[in-house]
Each structure stands twice: as C-alpha cells, then as structure tokens.
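The structure appears right after this line, and notes come after that.
In what follows, every heavy atom counts, from backbone to side chain, and hydrogens, waters and symmetry copies are set aside.
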There are 2 protein chains.
Amino acid sequence: MPDIKHFDPDEALERAERLFWRHGAATTSIQAVAAETGLNRSSLYATFGGKRQLHLAALRRYVRLRSVPACAALADDTRGLPAVRDFFAGLIEARCEGEYARWGCMLVNAYAGEEGADPEVRAVLDEHHRRLRDAFRTALETARDRGRLAAGVTPADGAEVLVLLAYGVNVRSRAGAGAGELHRTVAAALAGLAPEAPAD
Amino acid sequence: MPDIKHFDPDEALERAERLFWRHGAATTSIQAVAAETGLNRSSLYATFGGKRQLHLAALRRYVRLRSVPACAALADDTRGLPAVRDFFAGLIEARCEGEYARWGCMLVNAYAGEEGADPEVRAVLDEHHRRLRDAFRTALETARDRGRLAAGVTPADGAEVLVLLAYGVNVRSRAGAGAGELHRTVAAALAGLAPEAPAD
DNA sequence: CGTATCTTGGAACGGCCGTTTCAGGATGAG
DNA sequence: CTCATCCTGAAACGGCCGTTCCAAGATACG
C-alpha cells in the first residue's frame with residue numbers, strides 16, 4: 001500500500017479558507033497558503049489540484065460550516081420575528097467581534113470580486129442566496145400565521161428585503177462599522193415588519 | 001517651453017476607472033490600463049504616479065462624477081419618499097442595464113476587496129457612506145415633516161437602513177439579479193416607510 | 001533655426017505568480 | 001525484509017507583476 005498523507009486536509013483547507021475570506025482570492029497566493037499551513041506547494045497541488053479548485057473548496061467549506069448552519073438555525077427557529085432578530089444579532093456579533101471581526105462574509109466578498117465571474121463560484125453564491133432567502137421566508141411565514149407580521153408585508157418580499165439588508169451588514173462591517181450602529185439599524189428595519197401594536 | 005501631453009489625462013483616467021470598476025484593483029494590471037488607453041506605461045507613471053495612486057484617482061473620479069451627482073439629486077429632491085423611490089429606480093436601472101450592467105458599485109466592490117485596507121481608500125468609502133446616508137436622511141426628514149413617514153421610523157435610522165439596502169442592491173446586481181426582482185424588493189422595503197394610509 | 005524641456009516608446013529590473021517536474025523518503029501490504 | 005506506491009521537499013519553468021531607466025522624439029520659446 002502507498003504512503004499516507006502526512007497532514008489533515010480539512011485543517012489545511014480551513015487555513016486556506018481564512019486567507020481567502022480575509023484577503024480575497026486574487027490577493028491570496030498559493031505561496032501564502034503553503035506558508036500558513038506549513039505545507040509544501042506540491043502537497044497542496046496533489047490534494048486540491050490548483051488555486052481555482054482550492055478556492056472553490058474553501059468557499060464550499062465556508063458554506064457548509066458557516067452559512068448552512070446559520071440558515072438552518074433560522075429556518076428551524078419557530079418563533080417568527082424573534083428568530084430573525086436573533087439571526088441578525090448573531091451575524092453582527094460574528095462580523096464585529098472575535099476572530100473574524102471585520103472580515104465580512106466570504107460569500108459577499110466573492111460577489112464583489114473578479115472571482116464572481118467563475119460559473120462554479122456563481123453557483124455557490126446563488127445557492128447561498130436562495131438558502132438564506134428561504135430561511136427568512138420560513139420565519140416570516142411563521143410570523144404571519146400568528147398575526148405578528150405587518151399588514152402590507154408578504155413573507156416572500158420581506159425575505160428578499162432581509163437578504164439585501166444582511167448583505168449590507170456584511171459590507172459595512174468589513175469597513176469597520178460598529179456593532180452598536182448595526183444593531184440599531186437592523187432593529188429599525190425589523191420594526192417595520194412587526195404590526196403597529198405588537199401582540200406580545 | 002517643454003513638450004505637452006499627447007493625450008487627455010481624464011479620458012485615460014476614465015478608461016482606468018472602468019477597468020478597476022469592472023475587474024477590481026487586484027486583478028487590473030498597469031499593462032491592462034496601458035492597453036485599454038493606448039498609452040505607454042511611462043506616460044501612465046509620469047501622469048498618475050503608480051498603481052495605487054491611479055486606483056485612488058479612479059475611485060475619486062467615480063465618486064465625483066457618479067456618486068456625488070446621484071446623492072445631490074436625491075438630497076435636492078424635495079418630494080420626500082418619491083425621491084427615495086426614484087433614486088432606487090435609477091440605481092437599479094444603472095446596475096442592471098446599459099454599459100455598466102452587472103458591474104456593481106465601484107465603491108461597494110472596493111469595500112469587499114483587499115484594497116479596503118488602504119486608509120485613503122477607506123476614507124473615500126466612509127465619505128461616500130456619509131454622503132449617501134445624509135441624502136437619505138434629508139429625504140426622510142422631508143417626508144416626516146409632511147406626515148408621510150410611518151410612525152415608528154426616525155429619519156436617521158431609516159436612512160441607515162436605506163444605505164444598507166442600497167449596498168445590498170449593488171451586491172446582488174453584480175451577481176446578475178434581474179431589475180424586476182430588485183424593483184420589487186425595493187418597493188416592498190419602501191412600503192414599510194410610508195404611513196399605513198398614504199395621504200396622497 | 002537652435003535649444004531647453006518635457007513626453008514618449010521600449011527595454012530592462014528584480015520579484016512573485018501558478019504550475020510542473022523529479023529525486024528521495026515514508027509507508028504498509030506481502 | 002522487499003518492494004510497489006504514494007507523499008514530500010526543493011528546484012525549476014515560463015510568464016506577468018509593478019516599477020525604473022534612458023535614449024529618441026516632439027514641442028514652443030528665443
């Protein structure tokens with residue numbers, strides 16, 4: 001039997017993910033990934049195939065471990081608007097404090113970069129957009145069914161608005177917007193979704 | 001007397017602006033700008049000083065000729081919410097149709113790229129953010145003074161929400177979102193700003 | 001026309017890019 | 001232990017990067 005890998009591919013991928021997330025695909029070199037992981041370039045090429053595939057794998061890891069769980073938590077939260085409120089609270093926290101502060105969202109960053117032209121990247125971005133929108137819609141449908149959604153708002157349209165709002169939060173947080181400012185802004189936006197006289 | 005420039009610097013800057021806008025700073029080379037303008041690299045360096053300064057100059061040109069006029073039109077429009085509605089209509093049109101379709105906003109693109117780490121770039125972005133927010137606030141104050149703003153909304157908070165919404169539109173349009181979808185979403189968001197029973 | 005001054009074209013710089021190649025070392029089945 | 005198999009490290013590839021340098025050309029004053 002052959003030799004076996006001397007490192008954990010997923011741990012290396014996580015390091016690559018962070019570099020791509022923080023600095024973007026264009027300005028992250030294979031050299032930099034090799035330095036960060038402690039691996040030789042040959043091992044990276046043997047494992048992932050090249051920069052394009054490595055970036056895609058990192059993007060998909062980000063979706064799998066960060067975007068999907070957050071959307072699932074939102075979709076599974078049966079409280080209606082409070083679920084939306086907590087989703088944004090967690091988003092702002094993650095974007096403004098801790099290890100990933102001011103990194104923005106890796107997917108939104110990719111939207112704005114040249115890498116968005118790649119069809120496979122675009123597919124990942126579109127899939128994420130749908131997932132987040134559907135999670136918002138589920139939460140808004142719950143709110144509506146309980147009479148806790150403002151009269152003029154449909155869950156479908158409201159969900160699209162909330163996705164754009166989330167994109168805006170991701171953009172602004174990368175430029176250093178404070179958590180307090182973002183919390184306040186999101187609260188104002190969500191206030192428009194609740195009925196004038198909240199039932200609780 | 002010396003020789004005189006054999007080209008129009010602002011025309012060259014506009015070509016550079018378009019390249020940076022569409023492809024981003026990291027993936028636009030001086031070579032590419034030279035090819036696009038028909039100029040030699042020496043002329044570019046003699047006129048603009050280097051890639052960093054060229055990119056900054058292009059960014060500032062974008063602000064001066066595109067962002068500032070749009071914000072001024074919004075701030076000078078005394079109709080209140082209809083001014084906001086028309087601002088978004090023009091934005092979506094520019095982002096989805098015509099020459100610059102699917103280029104997004106050069107400033108929002110810069111937010112997401114590595115170039116956002118540059119303090120001078122950040123200053124341009126912050127200035128633009130304030131300008132757009134203040135224009136929105138002016139429009140919302142007008143609406144409020146005429147009783148055409150929903151009860152729970154303050155102009156200051158509403159303006160911040162609208163800026164995030166605009167950022168979201170810019171992000172999504174770059175990924176190919178349709179004008180119809182964006183118009184619909186923006187309309188839903190703006191509906192939340194108007195009083196339940198519109199006065200007109 | 002001569003000349004001082006600036007622009008221009010083109011070559012050249014070192015350096016990093018993504019990628020490939022290959023010898024040598026590690027592995028585990030037989 | 002043998003050996004086929006795969007992995008690793010290091011060197012090398014051509015190519016493009018941003019930038020600098022310099023000779024040749026264009027210009028407008030005297």
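Defined by atom type and a distance below 3.5 Å, a donor-acceptor pair is missing between the side-chain atoms of A:Arg22 and A:Tyr100. A donor-acceptor contact closer than 3.5 angstrom links the side chains of B:Tyr167 and B:His129.
Residue A:Tyr45 places its side chain closer to C:dG18 than to any other of D:dT20, C:dG25, C:dG18. Set against C:dT19, D:dA26, D:dC6, the side chain of A:Pro2 has D:dC6 as its closest nucleotide. Distance from the side chain of A:Asn40 is smallest for D:dA10 among the nucleotides D:dC6, D:dG18, D:dA10. Ranking D:dT8, D:dA12, D:dT20 by closeness to the A:Arg41 side chain, first place goes to D:dA12.
At the phosphate of C:dC17, OP1 or OP2 sits under 4.0 Å from a side-chain N or O atom of A:Ser29. Of the side-chain N and O atoms in B:Ser43, one or more sit less than 4.0 angstrom from OP1 or OP2 of C:dT8.
Rounded to an integer number of Å, the gap from CG of B:Leu54 to C1' of D:dG18 is 12 Å. Protein atom CD1 of A:Ile30 is 22 Å distant from nucleotide atom P of C:dG15, rounded to whole Å. For B:Ile4 and D:dG25, the CD1 to P distance is 21 Å, given to the nearest whole Å. Atom pair B:His6:NE2 and D:dA24:C1' shows a separation of 12 Å (rounding to whole Å applied). Following rounding to the nearest Å, B:Asp3 (CG) and D:dA24 (C1') show an atom-to-atom distance of 12 Å. Here C:dG18 presents its C1' atom at 16 Å from CD of A:Glu115, a figure rounded to the nearest Å. Spacing between atom CD of A:Gln31 and atom P of D:dC13 amounts to 16 Å, rounded to whole angstrom units. What separates CD of A:Gln53 from C1' of C:dT19 is a distance of 12 Å, to the nearest Å.
Enclosure of atom CZ in B:Arg122 by more than 12 non-hydrogen atoms of other residues, nucleotides or ligands within 6.0 angstrom is indicated.
Side chain A:Ser42 to base C:dT21: a donor-acceptor pair is found below 3.5 Å.
Between A:Ala32 and B:Thr47, the residue anchored nearer the 5' end of DNA chain C, judged by the nucleotide with its closest heavy atom, is B:Thr47.
In this structure a side-chain-to-backbone donor-acceptor pair under 3.5 Å is missing from B:Arg144 to B:Leu149. With hydrogens and angles disregarded, no donor-acceptor distance shorter than 3.5 Å links the side chain of A:Arg52 to the backbone of A:Asp118.
Contacts of A:Thr28 with the nucleic acid, taken as non-hydrogen atoms under 4.0 Å apart, involve only primed sugar atoms and P, OP1 or OP2.
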